[in-house]
Amino acid sequence: MLPAILIASLLLAGLVRGVDVYDSLLEGARKGLRVGYALLPPLLALFPALYLLRASGLTELLGAWLAPVFSALGIPEETVLLLLLRPLSGSAAMAAASELITQHGADSLIGRTAAVMLGSSETTLYVAAVYFSAAGVKKSRWAIPAALCADLVCFLSSAWLCRLFWGG
């Protein structure tokens with residue numbers, strides 16, 4: 001019911017203001033197709049690169065190397081792979097979190113921490129590639145390092161809050 005009311009309201013507002021609603025709809029569709037076309041090259045470069053990174057075993061190697069560092073910061077060692085994958089790929093991070101929840105249980109500290117980390121962070125590099133490409137940004141300057149620092153803060157606070165609420 002609500003979508004029908006929203007559509008009717010938009011049509012009525014367009015008619016009252018003298019806007020050709022159909023032409024506006026077509027122009028919006030044209031702009032959407034142009035944005036989709038502009039997004040295609042970065043996505044075609046990003047997805048194979050993510051696959052190669054995961055298939056190379058580099059993420060597992062980095063995870064094993066960084067586990068003691070993250071553990072000292074209060075982040076469960078088991079979630080390190082999730083930490084490394086989340087800024088790169090949402091589906092790979094979801095698979096890592098699913099594995100953690102399957103192995104340790106949804107009500108375990110590790111399972112809850114993985115779920116909170118997944119829900120509170122973003123696929124930073126994917127989003128930057130897509131939005132910067134759509135907006136025509138050529139120089140990201142400090143945006144990506146700042147976003148990766150924000151991800152680290154998300155991971156640290158997720159682990160801290162999960163320990164606070166559910167012990168560990």
Side-chain angles (χ1 to χ4, degrees), residues 24-163:
S24 297
L25 176 70
L26 291 180
E27 183 57 32
R30 279 188 203 96
K31 286 181 182 178
L33 287 173
R34 282 192 290 265
V35 168
Y37 180 73
L39 293 178
L40 199 55
L43 291 177
L44 288 176
L46 186 64
F47 288 139
L50 290 175
Y51 176 78
L52 289 173
L53 180 69
R54 183 72 199 249
S56 72
L58 183 61
T59 53
E60 285 81 7
L61 182 67
L62 280 173
W65 183 69
L66 292 173
V69 174
F70 284 125
S71 183
L73 293 172
I75 297 173
E77 289 183 30
E78 296 84 357
T79 61
V80 173
L81 182 60
L82 173 64
L83 290 175
L84 295 173
L85 292 175
R86 183 61 176 161
L88 301 171
S89 168
S91 58
M94 184 69 79
S98 177
E99 288 176 24
L100 288 173
I101 291 170
T102 300
Q103 288 175 357
H104 300 281
D107 290 334
S108 68
L109 180 63
I110 293 168
R112 288 178 174 174
T113 303
V116 174
M117 286 178 174
L118 198 60
S120 64
S121 60
E122 185 58 78
T123 53
T124 304
L125 299 178
Y126 171 80
V127 168
V130 169
Y131 289 135
F132 287 170
S133 174
V137 175
K138 300 293 183 206
K139 296 180 182 178
S140 62
R141 194 170 172 118
W142 296 105
I144 292 174
L148 291 173
C149 287
D151 280 343
L152 181 61
V153 169
C154 279
F155 298 137
L156 288 169
S157 60
S158 295
W160 181 77
L161 287 170
C162 286
R163 286 190 192 279

Go through the steps to decide whether Leu83 and Phe70 satisfy the test side-chain contact (heavy atoms from CB on, under 4.5 Å), and finish with yes or no.
CA-CA 10 Å; Leu83 290 175; Phe70 284 125; 3.8 Å; yes
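Note that the CG atom of Asp151 and the CD1 atom of Ile144 stand 11.5 Å from one another [nearest 0.5 Å]. Separation of atoms CD1 (Ile75) and CG (Leu152) is listed at 6.5 Å; rounding is to 0.5 Å. Between the CG atom of Leu81 and the CG atom of Leu100 there is a distance of 7.5 Å, given to the nearest 0.5 Å.
Residue pairs meeting the salt bridge (Lys or Arg N to Asp or Glu O under 4.0 Å) criterion with at least one partner in residues 67-86, sequence neighbours excluded, do not occur; the list is empty. Applying the salt bridge (Lys or Arg N to Asp or Glu O under 4.0 Å) rule to pairs touching residues 96-125 yields Asp107-Arg112, sequence neighbours excluded. Residue pairs satisfying the side-chain hydrogen bond (donor to acceptor under 3.5 Å, both in side chains) criterion with at least one member in residues 138-150, sequence neighbours excluded, are absent.
Pairing each heavy atom of Val80 with each of Ala67, the nearest pair is CG2-CA, 3.8 Å. For the pair Pro76 and Ile110, the tightest heavy-atom approach, listed with the atom from each and the gap, is CB-CG1, 4.2 Å. In terms of heavy-atom proximity, Leu118 sits nearest to Ala93 at CD1-CB, 3.8 Å. Smallest separation of non-hydrogen atoms from Cys162 and Leu109: O-CD1, 3.6 Å.
Between the side chain of Ser89 and the backbone N or O of Leu85 there is no donor-acceptor pair closer than 3.5 Å. Under the 3.5 Å distance criterion, the side-chain polar atoms of Ser108 are matched with a main-chain donor or acceptor of Gly111. Distance alone, capped at 3.5 Å, is enough to place a donor-acceptor pair between the Ser121 side chain and the Met117 backbone.
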Name the atoms and distances for all side-chain donor-acceptor pairs under 3.5 Å in residues 154-161, with sequence neighbours left out.
from: Ser157; atom 1: OG; to: Val153; atom 2: O; distance (Å): 2.8
from: Ser157; atom 1: OG; to: Cys154; atom 2: O; distance (Å): 3.2
from: Ser158; atom 1: OG; to: Ser120; atom 2: OG; distance (Å): 3.0
from: Ser158; atom 1: OG; to: Cys154; atom 2: O; distance (Å): 2.7

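By the salt bridge (Lys or Arg N to Asp or Glu O under 4.0 Å) test, Arg30 pairs with Glu27, sequence neighbours left out. Residues passing the side-chain contact (heavy atoms from CB on, under 4.5 Å) test with Ala147, sequence neighbours excluded: Thr124.
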